[in-house]
Each structure stands twice: as structure tokens, then as C-alpha cells.
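Structure record follows, encoded as C-alpha cells.
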Amino acid sequence: MLEIIRIHNELLGTYGDRGNADVLKFRAGLRKIRARVTDISYLDPLPASGDIYLLGGAEDAAQLLSLTALRKGSILKKSADRGAVVVAICAGFQIIGNKYVTRDEEIKGLGLLDVVTTPGDKRLVGDIAIRSDLFALPLTGFENHSSVTTLGADAQPFGRVIEGNGNGLAGLDGAINKNVFGTYLHGPVLARNPEFADLLLERAVGSAIASVDDELALRYATWRRSLLK
Ligand code: GLN
């Protein structure tokens, strides 16, 4: 049974990223891989048994509450270190970095990705498209944040920005380190880019998964291909 842990949706659910868990479960089911989504409140301990951990975007106060809860026991860091898949969107991405800075304070992150986030000078809102070496087609989503993120030496960018802002610096979006992924793409990103969901499933089960006929995703991909021109 593939265990998908949706972390603190009551805090990290502002931008609809909860759908990422449902897409993973659905696409696992297409391959007859049994999967279960477990919602974990910020009042509950984080299970150490997850195969995939998901974090979404949030308002600043909720972001801090979530980070404070996740510090207990360092379960997320230990899980990433043993190879569990972690996908963190926007505020979630900032939480799993080394630190983020608000207008009032500097906050130590969980240290899963070698990135630092600082306040930007404007809000970055709108459609975003990126090109990642992991995928043949561009990934699309929407972004809504004001902070900007800088990568350290141990983080690779998730993608290069074609349209929009992403990390807000150097034309890059997100960061990756082994099975840990951070990005600014809401959407939910896995609904809009199902091959990203499939890559995560492959990483979680540790082997290639069968391709599936997916008429809707194919039609959408035709449009995404046009972004390359
Ligand atoms: N509060 C963070 C920022 O504005 C994250 C916002 C979000 O998760 N969409 O940078």
C-alpha cells in the first residue's frame, strides 16, 4: 500500500494544492497500485511511514504554524533522508528550505532543500510555465507569492521559467534534491501536469510504471507543446 501523506491541509490548503494527493491516488489506481491518502493535522504527529509527503501553499501565519509543528521530531527530514518522496508547493517549498526571512524575522526551515527565501518587492501573481529537464513538455501552473528564493550549491533548479516568475530570480523555478521537489507551481500542479505525478509514483515505488491512455491529458499536452514555439 502506497501511503500518501497530505500535510496540514487546514493550514497549507489555501491554493487548492490538496488535489495533488488525489491525482497521485487516481494515477496509482490506473496502474492497479493500491494507494491511500492520509490527512495529517498540525495537531497530530507526522507519521514516519509515508511514501510520499505533500505540502501546499499558505498564508504567512499558517506557514509558520505548520513549520513549528513539523519541527517536532524532524520526521520529514528523516523521511527524505531515507528516500521518501516530498513535494512542496510555494509556502511548503519555503518551509523545507534552509531558512526564510519575513519583514519581521528570520525563520530556520527544515533543511530538506538548500534554498533561502527572502521578501521580494512585489507580489508575483499569474500564469507560469517552466521547462524542466525531467519532462518532454513544459509544465504549467499559476503562482501567487511575494517572496523570492535563492538556490545554494546543493540544490538543482526544478525548471527554467518560460512565462511568469517562479523563484523570482535568475529565471528559475523551484529546487530538487534526490526525491525532494519544491516549486512555486499551484494548479494543482499534478492535475495540470500528470507526467510529474507519474514520475513521483515511479520514485515512490522504485520502478517504472506502465504508461496509460489518458485522452484529457493528451489534449491538454497539445496546448502545452505550443508553449515551446
Ligand atoms: N507567504 C508566502 C509568499 O508570499 C507563500 C505564499 C504561497 O504559498 N502562495 O511568498
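We count residues from 1, following the sequence as given. As the structure lists them, so they are numbered: ligands from 1, and atoms in each ligand from 1. Because only heavy atoms are used, hydrogens play no part in the values below, and waters and symmetry mates are left out as well, while side chains stay in.
No side-chain heavy atom of D17 sits less than 4.5 Å from a side-chain heavy atom of L12. Looking at heavy atoms from C-beta onward, S79 lies out of side-chain contact with V86 at the 4.5 angstrom threshold.
Between D51 and R36, no side-chain nitrogen of the basic residue sits less than 4.0 Å from a carboxylate oxygen of the acidic one, so the salt-bridge criterion is not met.
Residues of the protein with a heavy atom under 4.0 Å from ligand 1 are Y15, G57, A58, D60, Q63, C90, A91, Q94, R123, N144, H145, S146, S147, H186, listed by chain and number.
For the ring pair (Phe, Tyr, Trp, His ring centres under 6.0 Å) test, no residue two or more places apart in sequence or in another chain qualifies with Y42.
Looking at R6, its side chain never comes within 3.5 Å of a backbone N or O of V37 through a donor-acceptor pair.
F135 and F196 have perpendicular rings, their planes meeting at more than 60° on a 0 to 90° scale where under 30° would count as parallel.
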